[in-house]
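Shown next, in structure tokens, is the structure this report addresses.
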Amino acid sequence: MNFVSYIKKVDSEVAELIEKELKRQQENLLMIASENYADEAILQATGSILTNKYAEGYPGKRFYQGTEFYDRIEEIAIERAKKLFGAEHANVQPTSGSQANQAVYLSYLQPGDPILGMDLSAGGHLTHGSTASSSGKIYKAYYYGVDPETYLIDYEKVKNIAIKVKPKIIVCGASAYPRQIDFKKFKEIADEVGALLLADIAHYAGLVAAGIYDSPVPYADFVTTTTHKTLKGPRSGLILSQEIHSKKINSAVFPGIQGGPLMHIIAAKAICFKEAMTEEFKIYQKQVLTNAKTLADALIKKGYKVLTGGTDCHLILIDLRPNNITGKDAAISLEKAGIVVNKNAVPFDTQSPFITSGIRIGTPAITARGIKEKEILLIADWIDFVLKNINDESKISDINKKVKDLCKKFPVYK
Ligand SMILES: *Cc1c(COP(=O)(O)O)cnc(C)c1O
């Protein structure tokens, strides 16, 4: 597939950078847990003529003429999202996971209202009330964390905090929590304190769609997600909700926080939801999980401190303090070897967010290129070797050669 034939004619500078980035995506093991490879059909929709037109409003209630086909595309995306997740209502217009959360808050909260979310440093997301994000600036945010021994969510503690601070919305979901979240328990806590429940499954959505990670849809008032992480679609967002919240959600998205929807991306989301209903997608998600579990086990065997002792999803977290390596140094060395991960704070981290004591490793993207257990064991060996030879450039470059060979055997975007 030629991604830049037209761009080359008008802007060789950008075309060249896209080509270099394509090569980077082909020749490295992309193991950032929030990343994936959208397939060619999805890329084609995102690059389509649907970018040309305004379609403010919703199907059948637009503010512009000429939206006949846009209406149909958005209706299809909505129907598929509802079917895929078993939800009563879907809004497919949010442009990102952050905007999806922003819209949910706007739908029910007034400035200054209390919300309760997972602490960023415990694995939560910026939009769950961090003071650096609008969620923590506009609303009064309180936080729950994880247990210092088990690194698991302590639901009794969550309940006690909720009773104390009486949040209007409780947020569950995380960016760096490797275990199953008990959505039913969160709903019980929310009910007990009269709060609404927002489950943010940005990371887990693909696994949820495939039925291998418990779904919050039966419990939560709102479910938000990105569509580009495990779900493997275009870079975007989605809100699912119970029918009773549909009007408020829709007007919070438009005109609340957005103008014209990105209809080319909505078309790509429709395609993504169709693909996510296939048997092939289920098999893929199962392999994502198997690969993550295999990687966790292999690294534990090598003596690494894999938090919670494993994973129930697509990601693992490693605390590198026992190895005397910072997350930053580990991530930089691994990247030199062609294994791209991100530094990540571990719960109760003493390092700054720019240094951190851990790394987060995910399997969605490498699984999309066909990698299975056998190769995962090799990758675990390589990760271990690099972390043990973090200052030895020539040893790291040997691993990079092996990584490149492996990537050639499992090509992407041929
Ligand atoms: C990634 C993520 C988001 C934000 O998604 P963007 O599309 O980057 O705005 C929101 N919540 C959680 C839990 C995430 O992991």
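Just so you know, ligand 1 is whichever comes first in the structure, and atom 1 is the first atom listed for that ligand. Fair warning: this is a prediction, and the values are worked out from it, not measured in the lab. Below, all heavy atoms of this structure are taken into account, side chains as well, without hydrogens, waters or symmetry copies.
Taking the six-membered ring for Trp and the full ring otherwise, Tyr219 and Phe183 have centroids separated by 6.0 Å or more. Ring-centre distance between Phe254 and Phe63: below the 6.0 Å cut-off. You'll find the ring centres of Tyr177 and Tyr151 outside the 6.0 Å limit.
Residue-ligand proximity: His228 is placed with a non-hydrogen atom under 4.0 Å from ligand 1.
In this structure, Lys140 is positioned above the aromatic face of Tyr142, its NZ or CZ under 6.0 Å from the six-membered ring centre and within 45° of the axis.
The nearest heavy-atom contact from the protein to atom 3 (C) of ligand 1 is His125 NE2, 3.2 Å. Nearest protein heavy-atom contact of atom 6 (P) of ligand 1 is Gly97 N, 3.6 Å. Counting only heavy atoms of the protein, atom 14 (C) of ligand 1 lies nearest to Lys229 NZ, 3.0 Å. Looking from atom 9 (O) of ligand 1 to the surrounding protein, the closest heavy atom is Ser98 OG, 2.7 Å. The protein atom (non-hydrogen) at minimum distance from atom 11 (N) of ligand 1 is Asp200 OD2, 2.5 Å.
Between Gly173 and ligand 1, no pair of N/O atoms sits closer than 3.5 Å. Distances between N or O atoms of Thr226 and those of ligand 1 include no value under 3.5 Å. Inclusion of Thr127 in the set of residues having an N or O under 3.5 Å from an N or O of ligand 1 is not warranted.
Of all the heavy atoms of Gln99, none lies under 4.0 Å from any atom of ligand 1, so neither backbone nor side chain is involved. Contacts between Ala174 and ligand 1, counted as non-hydrogen atom pairs separated by less than 4.0 Å, involve the backbone only.
With respect to the salt-bridge test (charged N to carboxylate O, under 4.0 angstrom), the residues Arg72 and Glu68 do not qualify. Here Glu19 does not pair with Lys23 in a salt bridge; the nearest charged N to carboxylate O distance is not below 4.0 Å.
The side-chain hydrogen bond (donor to acceptor under 3.5 Å, both in side chains) test with Asn250 is passed by exactly one of His245, Lys61, Gln93, His89: His89.
At least one side-chain heavy atom of Ile383 sits less than 4.5 Å from a side-chain heavy atom of Ile361.
Each of the atoms 12 (C), 13 (C), 14 (C), 15 (O) of ligand 1 lies under 4.0 Å from some heavy atom of Ser175. Atoms of ligand 1 lying under 4.0 Å from any heavy atom of His203, numbered from 1 in the order shown and given with element: 15 (O).
In plain terms, the two heavy atoms of Gln99 and Ile257 that are nearest each other are O-CD1, 3.3 Å.
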